[in-house]
Structure formats: structure tokens, C-alpha cells
There are 2 protein chains.
Amino acid sequence: MKRSLLLENQICFQLYTASKEMTRLYRPILEPLNLTYSQYLVMLVLWEEDGIDLRQLGSRLSLDSGTLSPLVKRLIQIGYIKKERVKEDERRVVLTLTDDGCALREQAEEVPRKVSGMLNVDEATYTAYMEMLTDIKSRLYAFGGRES
Amino acid sequence: MKRSLLLENQICFQLYTASKEMTRLYRPILEPLNLTYSQYLVMLVLWEEDGIDLRQLGSRLSLDSGTLSPLVKRLIQIGYIKKERVKEDERRVVLTLTDDGCALREQAEEVPRKVSGMLNVDEATYTAYMEMLTDIKSRLYAFGGRES
DNA sequence: ATAATTTAAATTGTGCACAACTTAATTGTT
DNA sequence: AACAATTAAGTTGTGCACAATTTAAATTAT
């Protein structure tokens, strides 16, 4: 049964559409912040850890420089972050929040509230979801795998 | 807790990375079939329902013509499908499998087997995952919503 | 029947996502 | 010290994903 070729039976397809629907839910919420979903993820990391370097950012988000370089360039243009070469190691680049980027955090605090309000899940269900996704990911990481 | 801005606590992020990891798992499996993940999804639908039109295909996959038009063009170039205007309604375009596309199905039958072998989930867990993803999606559809 | 509306695909433009490659700096080895 | 190997960003090229627009056909309303 689960091995059939029927589209709806593929867990990959359910994941794929769920993920797309999720970013669709975020789009109008993030639009007033002038952020795409991926840009929002980068900002989340920086609000947690200002002054992170690109390499670490990439490993947090599982994104490579091919994705992050242009994405970061856009965030710089918008004026939320700035980047600087590290003096001790000129290969590395460190990202820091601008005042605007820092200030944006307050508006962003509303985002998770809005989203979970829309999803309307109780704490227990939420935890179960997270555990399931973590479990799926750990099975996936077992192959060709990234870290944890 | 779940309302924090911490990256790892965002269900959206877990979904997003799980989905990316899933397509990463498929990539080497689909490569011998000369298909990308999205192209594979289109082929799944056609193996189910040969002669579907573009509009229905889009609704099955939740993809619009902006995504499907070029994607279908590539599948035609590869030689797996062909497209034809419908005589009774010249707006519509119908997709049909070529002999190669039809023959590919046999190889593709192995894909779900390989994937579930790699994921290594038992039937009950698999069902639980599917139910959870369906549930997440139904909550998501409640907003701005597409069909069920 | 003609005009207005709706519908289906295609096109254009932006922004990921990722593989493959390039460039430059650092580290390790001899 | 000199050279090889490694590492970090950036660049190039391909393929989605989606909003917005365009084109053309069909439907509906007048």
C-alpha cells in the first residue's frame, strides 16, 4: 500500500505540499515586515545570535553559500543587516544587525503568535508535530546525511 | 514557549527542512530516471491518469501554469510526455505519456520501495505521519485556503 | 449577434535551492 | 620558507515556485 505509486500516498508529497502551504501562510504575515520566508529565517538566527558568520548561518539553516550570498545581499540592500570581513581570518564574513534590523524584532515577535493562532493547535498537538518532524528528519539524516 | 522566535521551535522551519531533506533523499534515486523531484510528481499523476489536462494536473499538485508550463516543456524535451490542444476546447492542453514515459513506470515502481527502505518506518508509524501531515494541511487550508 | 466576462495557458520577473566551479586566505607539511 | 591541501565566500547555471500580466478561446449577458 505505502509502496504504491499513488501520489497521495507518498509521504514526500504530503511533506512537500504541507511545507509550501506553510510558507503560503507566512507570506501575508511577513509582507508588512518586507521579508520573504527565507529572509525571515535568516533574521531569526541573527536575532538569536547577532554577529554570526556566514558559514555557521548556513549550517543552522542547511543552506549553502550559493543560496545565502544573494539572499544576504538583499537583506543588506533592504537595510536590515550589514556584513564585514573578519580581520583575524579574511576568508570569513560576519553578519550583524543594523538598527532597523534590530528594531524589526519587535514586530517579528507577533509573527509566531499570529501563526499559531491561525494553526489553532494546542500545546500537546504542537509538541507531537515537532517530535514527528524531528523523527522524520533523523531518519533522513541517516542517509547521505548532514549533521544530527 | 512555542511562541518564541527561536528557530528550532518553529514548526514551519522543521517542515521546511524535513521537506528539503526528503527531496535530497529522492535526488540520487531519481537521477537514473533522469527526473527531478517535481518532474517525478508530474509523472506520478500521469501514470495514474494518462491524458489529464494541465489545469487538473496543477490542481492535483498545487502548482500553477507559471511552474508547470516550463516543467512540462522539459518533460517533452526528454521525451516522456507529449501535449496536445483539445479540439473541443482550444484553450485546454492535454498531456499524454510517450512510449518511453510509459515504460519508465516500471523503473519508477522501485522508487517508493527504495525510499521506504531508507526511511525504515513500519506501517503504523507511516500511517501516523500521513495523518499528522494531513491534519497540518487541513489546518493550513482553513486560511486563504485552497481546496481541502 | 455582439460585447463583456470568464477561463486556460503561456510569459515575465523575482527569489530561492543546489550543484559545480572559482578565488582568495589559511593551515599543514616537508 | 615553499608548496600542497583545506576552508570560506562568491559566482554561474539550472530548475523550481509564485505573483502578475498577456493572449486567446469559450461562455454569458444583453
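Excluded from the calculations below are hydrogen atoms, water molecules and symmetry mates; all remaining heavy atoms, backbone and side chain alike, are included. So you know, we letter chains A, B, ... as the sequences are listed, proteins then strands, and number each from 1.
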Hey, is the side chain of A/K73 poking within less than 4.0 Å of OP1 or OP2 on D/dT11, counting only N and O atoms? yes
Which listed nucleotide (C/dA10, C/dT26, D/dA17) is nearest to the side chain of A/D89? C/dT26
Could you give the CG-to-P distance, from A/D53 to D/dT7, as a whole number of Å? 14 Å
Please tabulate the protein-to-nucleotide N/O contacts below 3.5 Å involving nucleotides 1-4 of chain C, giving atom names and distances.
none

Under the salt bridge (charged side-chain N to carboxylate O under 4.0 Å, His left out) test against A/D53, which residue among A/R85, A/R91, A/R92, A/R60 passes? A/R92
Mark yes or no: A/K20 above the aromatic ring of A/Y26, with NZ or CZ under 6.0 Å from the six-membered ring centre and no more than 45 degrees from the axis. no
Using Watson-Crick or G-U wobble pairs with both distances under 3.5 Å, give me DNA chain D in dot-bracket, 5' to 3', with [ ] for crossers and | for pairs to another strand. ||||||||||||||||||||||||||||||
What verdict does the side-chain contact (heavy atoms from CB on, under 4.5 Å) test give for A/E21 and B/Y141, after you've listed the backbone C-alpha separation in whole Å, the side-chain angles of each residue and the deciding distance to 0.1 Å? CA-CA 8 Å; A/E21 283 303 318; B/Y141 285 140; 3.4 Å; yes
Between B/R139 (side chain only) and A/N120 (backbone N and O only), is there a donor and an acceptor less than 3.5 Å apart? yes
What is the minimum heavy-atom distance between A/M22 and B/C12, and which atoms define it? CG-CB, 3.5 Å
Whole-Å gap separating P (D/dA8) and NZ (A/K87): 20 Å
Are OP1 or OP2 of C/dG15 and a side-chain N or O of A/R74 less than 4.0 angstrom apart? yes
Tell me the interatomic distance from B/I52, atom CD1, to C/dA8, atom P, rounded to whole angstroms. 13 Å
D/dC18 C1' sits how many Å from B/L63 CG, rounded? 10 Å
For A/E84, I'd like to know if atom CD has over 12 heavy atoms of other residues, nucleotides or ligands within 6.0 Å. no
B/Q10 to B/L6 - nearest heavy-atom pair and separation: NE2-O, 3.0 Å
For C/dA24 and A/R85 - does any side-chain N or O of the residue sit under 4.0 Å from the phosphate oxygens OP1/OP2? no
Separation of atom CD in A/Q39 from atom C1' in C/dG15, rounded to whole Å: 8 Å
Take atom CG of A/L68 and atom P of C/dC16, then tell me their distance rounded to the nearest Å. 10 Å
OP1 or OP2 of D/dC18 under 4.0 Å from side-chain N/O of A/K20: yes
First encountered from the 5' end of DNA chain C, between A/E88 and A/T36: A/T36
Do B/E48 side-chain atoms and B/V45 backbone N/O form a donor-acceptor pair below 3.5 Å? no
Please check the phosphate of C/dA8 (OP1 and OP2 only) for any side-chain N or O of B/K83 closer than 4.0 Å. no
Answer yes or no: does a side-chain N or O of A/Y16 lie under 4.0 Å from OP1 or OP2 of D/dC16? no
N/O (side chain, B/T67) to phosphate O (OP1/OP2, D/dA17) under 4.0 Å: no
Within 45 degrees of the axis of the six-membered ring of A/Y80 and under 6.0 Å from its centre: does A/K73 put its NZ or CZ there? no
Which is true for B/L71 with a 4.0 Å heavy-atom rule: it touches a base, it touches only sugar-phosphate, or it touches nothing? sugar-phosphate
Keeping B/T17 on the side-chain end and B/Q14 on the backbone end, is there a donor-acceptor pair under 3.5 Å? yes
Give a yes/no answer on whether the side chain of B/R55 brings an N or O atom under 4.0 Å of OP1 or OP2 in C/dA8. yes
Just by distance, with hydrogens left out, do A/D50 and A/T96 show a side-chain donor and acceptor under 3.5 Å apart? no
Would you say B/S38 reaches D/dA17's phosphate, i.e. side-chain N/O to OP1/OP2 under 4.0 Å? yes
Is there a donor N/O on one and an acceptor N/O on the other, under 3.5 Å, for the side chain of B/S65 and the base of C/dA10? yes
Could you state the CD-C1' distance from A/E31 to C/dT14, rounded to the nearest angstrom? 14 Å
Write down the distance between CE (B/M43) and P (D/dC16), rounded to a whole number of angstrom. 13 Å
Is the phosphate of C/dA19, meaning OP1 or OP2, less than 4.0 Å from a side-chain N or O of B/R27? yes
